[in-house]
Amino acid sequence: MNNRPVILLVIYIHSTSPVLPETDAAVAFQGGQFHPNQLGETIMKILKDDIEVKMQIPGAIIRQKTDFGDATGLGKISGEYFSLSAGVDTTPLFMVLEGNLCQCPHWGYVISGQLTTTDSEGIEEVVNSNELFYWPSGHNVKVNEDAEIVMFSPQQEHTHVINHMIEKVKG
């Protein structure tokens with residue numbers, strides 16, 4: 001029998017009004033928008049080891065980061081697994097979409113690799129292996145290192161974006 005511990009990651013998304021997290025590295029989510037932490041930085045990702053351990057027993061570690069986004073009113077959510085090669089840049093694929101950006105929010109986890117997101121104001125954020133992330137509407141993605149990611153997205157909005165990318169590739 002394998003004695004390696006099983007790690008279960010739980011992301012809890014709810015619509016009640018959250019309170020300001022206690023750590024500087026956490027995000028304050030209020031009124032449907034992310035706000036800067038006490039250091040003035042907006043952080044939309046978190047390392048696995050920075051997520052509070054809620055329960056640890058032989059064979060299982062359960063971590064939970066609450067208030068990690070708000071899915072209120074988004075309808076059905078799709079689960080997505082992306083395999084991306086270094087050098088992929090979504091910028092040309094999102095041309096003609098509003099602001100030439102993906103207008104769908106995503107919650108996800110980087111299994112391996114590194115990506116850089118750029119928001120509508122030109123602010124870049126690097127997301128690495130073993131980090132949870134939240135990308136609000138209005139972003140582009142560049143793949144710095146081959147990456148494997150799991151994402152959860154509002155199904156209707158992201159299907160629209162994916163179909164748009166398919167048409168762009170067809171020419």
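Because the structure is a prediction, the values reported are computed rather than measured.
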Enquirer: Who passes salt bridge (charged side-chain N to carboxylate O under 4.0 Å, His left out) against Glu148, sequence neighbours left out?
Expert: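 Here no residue qualifies.
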Enquirer: Pairing donors with acceptors under 3.5 angstrom, does anything connect the side chains of Gln114 and Ser129?
Expert: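 Gln114 vs Ser129: no donor-acceptor pair found between side chains.
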Enquirer: Apply side chain to side chain contact (heavy atoms under 4.5 Å, CB included) to Ile149 and Tyr81, showing your working.
Expert: CA-CA 6 Å; Ile149 66 172; Tyr81 189 104; over 6 Å; no
Enquirer: For side chain to side chain contact (heavy atoms under 4.5 Å, CB included), just list the numbers for Val110 and Asn130, CA-CA rounded to whole Å, side-chain angles, deciding distance to a tenth of an Å, and then say yes or no.
Expert: CA-CA 6 Å; Val110 179; Asn130 297 317; over 6 Å; no
Enquirer: Quick check for you: to the nearest 0.5 Å, what is the distance between Gln155 atom CD and Glu80 atom CD?
Expert: 9.0 Å
Enquirer: Walk me through whether Asp146 and Leu84 qualify under side chain to side chain contact (heavy atoms under 4.5 Å, CB included).
Expert: CA-CA 6 Å; Asp146 290 353; Leu84 304 163; over 6 Å; no
Enquirer: Do Leu132 and Ile111 sit in one hydrophobic cluster, given that two such residues count as connected whenever their side-chain heavy atoms are within less than 4.5 Å of each other, even indirectly?
Expert: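 Yes, because Leu132 and Ile111 connect within a single hydrophobic cluster, where side-chain heavy atoms sit under 4.5 Å apart.
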Enquirer: Can you name the residues that form a ring pair (Phe, Tyr, Trp, His ring centres under 6.0 Å) with His164, not counting sequence neighbours?
Expert: none
Enquirer: Measure the NZ-CG distance between Lys48 and Asp50 for me, rounded to the nearest 0.5 Å.
Expert: 11.0 Å
Enquirer: If you compare all heavy atoms of His139 against all heavy atoms of Cys104, which two are closest, and at what distance to 0.1 Å?
Expert: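 Nearest heavy atoms, His139 then Cys104: CE1-O, 3.1 Å.
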Enquirer: Should Ile166 and Val161 be regarded as members of a common hydrophobic cluster, given that ILVMFWY residues are connected when their side-chain heavy atoms come within less than 4.5 Å of each other, either directly or indirectly?
Expert: yes
Enquirer: Please answer whether the main-chain N or O of Lys54 pairs with a side-chain N or O of Arg63 as donor and acceptor at a distance below 3.5 Å.
Expert: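 It does not hold such a pair.
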Enquirer: I need the Phe133 CZ to Met151 CE distance, nearest 0.5 Å.
Expert: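 Rounded to the nearest 0.5 Å, the CZ-CE separation comes out at 5.5 Å.
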Enquirer: Distance check, rounded to the nearest 0.5 Å: Glu124 atom CD versus Thr116 atom OG1?
Expert: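 The OG1 atom of Thr116 is 6.0 Å from CD of Glu124, to the nearest 0.5 Å.
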Enquirer: When you group the ILVMFWY residues by side-chain heavy-atom contacts below 4.5 Å and let the links chain together, are Met95 and Val169 in the same group?
Expert: no
Enquirer: Look at the rings of Tyr134 and Trp107 and say which category their plane angle falls in: under 30° parallel, 30 to 60° tilted, over 60° perpendicular.
Expert: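 Tilted, since the angle between the ring planes falls between 30° and 60°.
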Enquirer: Report yes or no: does Glu131 contribute a side-chain atom to a donor-acceptor pair with the main-chain N or O of Leu47 at less than 3.5 Å?
Expert: no
Enquirer: Using a 3.5 Å cut-off and no angle test, enumerate the donor-acceptor pairs between side-chain atoms of residues 87-94 and protein atoms at least two apart in sequence or in another chain.
Expert:
{"from": "Asp89", "atom 1": "OD1", "to": "Thr91", "atom 2": "N", "distance (Å)": "2.9"}
{"from": "Asp89", "atom 1": "OD1", "to": "Thr91", "atom 2": "OG1", "distance (Å)": "2.7"}
{"from": "Thr90", "atom 1": "OG1", "to": "Asn140", "atom 2": "OD1", "distance (Å)": "3.1"}
{"from": "Thr90", "atom 1": "OG1", "to": "Val141", "atom 2": "N", "distance (Å)": "2.8"}
{"from": "Thr90", "atom 1": "OG1", "to": "Val141", "atom 2": "O", "distance (Å)": "3.3"}

Enquirer: Rounded to the nearest 0.5 Å, how far does NE2 of His106 lie from CZ of Phe152?
Expert: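 Answer rounded to 0.5 Å: 13.0 Å.
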Enquirer: Test side chain to side chain contact (heavy atoms under 4.5 Å, CB included) on His160 and Gln103; report intermediate values, then the result.
Expert: CA-CA 10 Å; His160 171 74; Gln103 293 299 324; over 6 Å; no
Enquirer: Hey, could you give me the OG1/CH2 distance between Thr117 and Trp135, rounded to the nearest 0.5 Å?
Expert: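 Rounded to the nearest 0.5 Å, the OG1-CH2 separation comes to 6.5 Å.
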